[in-house]
2 protein chains.
Amino acid sequence: MTRAATRPPSRNTWQRQAVLRTIEAAGCHLSAEEIHRRARRAGRPIALATVYRTLETFLRTGLVESAHIGDGLVRYGLASDHHDHLVCLGCGQWRPLEGCVVPRPRSALTRGFVVTGHRLELYGYCAQCRGPQGRGEARP
Amino acid sequence: MTRAATRPPSRNTWQRQAVLRTIEAAGCHLSAEEIHRRARRAGRPIALATVYRTLETFLRTGLVESAHIGDGLVRYGLASDHHDHLVCLGCGQWRPLEGCVVPRPRSALTRGFVVTGHRLELYGYCAQCRGPQGRGEARP
DNA sequence: GACAAAATGAGAGCCGTTCTCATTAAGAGC
DNA sequence: GCTCTTAATGAGAACGGCTCTCATTTTGTC
Ligand SMILES: [Mn+2]
Ligand SMILES: [Mn+2]
Ligand SMILES: [Zn+2]
Ligand SMILES: [Zn+2]
């Protein structure tokens, strides 16, 4: 028989390094295709499927976090200490907010429910999308 | 020339009634396909595209609200006053919380960003899933 | 009832994501 | 360094939720 499983299989490929570097370099969460495009531009041509697989791996590891904004794209970013997010309804930008805005809810409200965490997205419009005089079409 | 536009065009079809009745009858938010299935089972065969179009119309009207849970499906439910949600990491239950827990964020934190709304999910475990001794697998 | 156009049905098309499988190459062991 | 096992990759097909197209039906108005 062959060798028994020892540790979680994980190989250090340049593709994984490229994906991680791309995510680190970005100031906000990126879609898979955007990560693909940037990683590709910054180095060797990597396959889109590899990007997806790598992101999946990083999610399992806890290295990155993912989020659905509502436009059909999943965004990926470095997982760090807890923080809430600002989401621009104009351009879809997904950016971290400094710290946490949510107070511990009074247990009277959560009857029987033990709260272990939360996820908050603040919706609105960034400076560019609000524009000079403040245009901004609402997206429900 | 023809008559000028007077009011927002909206016709009262049995399909729209069926979709609304289905959503009202459900105690929770449903996916478009689930609404399609139920409406269909409860009456005449309605087209999936019609369900989507009707939901879009209801969203514009403000009759229904939509939400992404994170599994790639959009869920639709009756729009009511704003409320946050409790999500059980054990059973996936998604239930409304009385009122809103989120304070207006200090503008110092949101530099240049105009906040128009938010979405908050409190994660944790419901009474059943906490159980007698408190089992409960985490969902990232 | 006649009419204009909103709304529908059926299915093709779109697009982000996942899967398949032949090929490559990372890491363990020598 | 070389060999070997198999994790990982690349290329493209497949998948699935959603949207679009267009001929046809139906609504609301006159
Ligand atoms: Mn984040
Ligand atoms: Mn709700
Ligand atoms: Zn913006
Ligand atoms: Zn539960």
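Below, chain A is the first sequence line, B the second, and so on; all start at residue 1.
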Can you confirm whether A:Leu55 sits close enough to A:Ile23 that some side-chain heavy atom of one is under 4.5 Å from a side-chain heavy atom of the other? yes
Starting at the 5' end of DNA chain D and moving along, which residue's nearest nucleotide shows up first, A:Thr54 or B:Asn12? A:Thr54
Is there any protein nitrogen or oxygen under 3.5 Å from a nitrogen or oxygen in nucleotides 17-20 of chain D, and what are the pairs?
unit_1, atom_1, unit_2, atom_2, d
D:dG17, OP2, B:Glu33, OE2, 3.4
D:dC18, OP1, B:Val74, N, 3.3
D:dC18, OP2, B:Tyr52, OH, 2.3
D:dC18, O5', B:Tyr52, OH, 3.1

Would you say C:dG9 has OP1 or OP2 under 4.0 Å from some side-chain N or O of B:Gln15? yes
Through what angle, rounded to 10 degrees, does the axis of the helix from C:dG1-D:dC30 to C:dC30-D:dG1 turn between its ends, using five pairs per end? 40°
Going by heavy atoms in the side chains, are B:Ile46 and B:Val51 under 4.5 Å from each other? yes
Check the hydrophobic clustering (I, L, V, M, F, W, Y; side-chain heavy atoms under 4.5 Å; chains of links allowed) and say if A:Val114 and B:Leu97 are grouped together. no
Sequence neighbours excluded, the answer for side-chain contact (heavy atoms from CB on, under 4.5 Å) partners of A:Val74 is A:Ser66, A:His68, A:Tyr76
Phosphate OP1/OP2 of D:dT9: any A:Thr13 side-chain N/O under 4.0 Å: yes
Are there more than 12 heavy atoms of other residues, nucleotides or ligands under 6.0 Å from atom CD of A:Glu98? no
Check this for me: does the side-chain of B:Arg11 come within 3.5 Å of the base of C:dA6 through a donor and an acceptor? yes
Do any N or O atoms from the side chain of A:Arg16 and from the backbone of A:Arg11 form a donor-acceptor pair under 3.5 angstrom? yes
Expressed in angstrom and rounded to an integer, what is the separation of B:Trp14 atom CH2 from D:dT25 atom C1'? 12 Å
With a 4.5 Å cut-off on side-chain heavy atoms, are A:Arg75 and A:Cys28 touching? no
Side chains of A:Thr22 and A:His36: does their closest heavy-atom pair fall under 4.5 Å? no
Atom pair distance, as rounded to whole Å: CG in B:Leu20 and P in C:dA7: 16 Å
When Ile, Leu, Val, Met, Phe, Trp and Tyr are grouped by side-chain heavy atoms lying under 4.5 Å apart, directly or through other members, which residues fall in the same group as B:Leu48? B:Tyr52
Side-chain heavy atoms of A:Leu122 within contact of A:Val87, under 4.5 Å: no
Is any side-chain nitrogen or oxygen of B:Thr50 closer than 4.0 Å to OP1 or OP2 of C:dG9? yes
Looking at DNA chain C, which of residues 35-46 of chain A put a heavy atom within less than 4.0 Å of it? none
Integer-rounded Å distance: C:dC15 C1' and A:His68 NE2: 16 Å
In short, salt bridge (Lys or Arg N to Asp or Glu O under 4.0 Å) pairs touching residues 33-55 of chain B with sequence neighbours left out are B:Glu34-B:Arg37, B:Glu34-B:Arg38
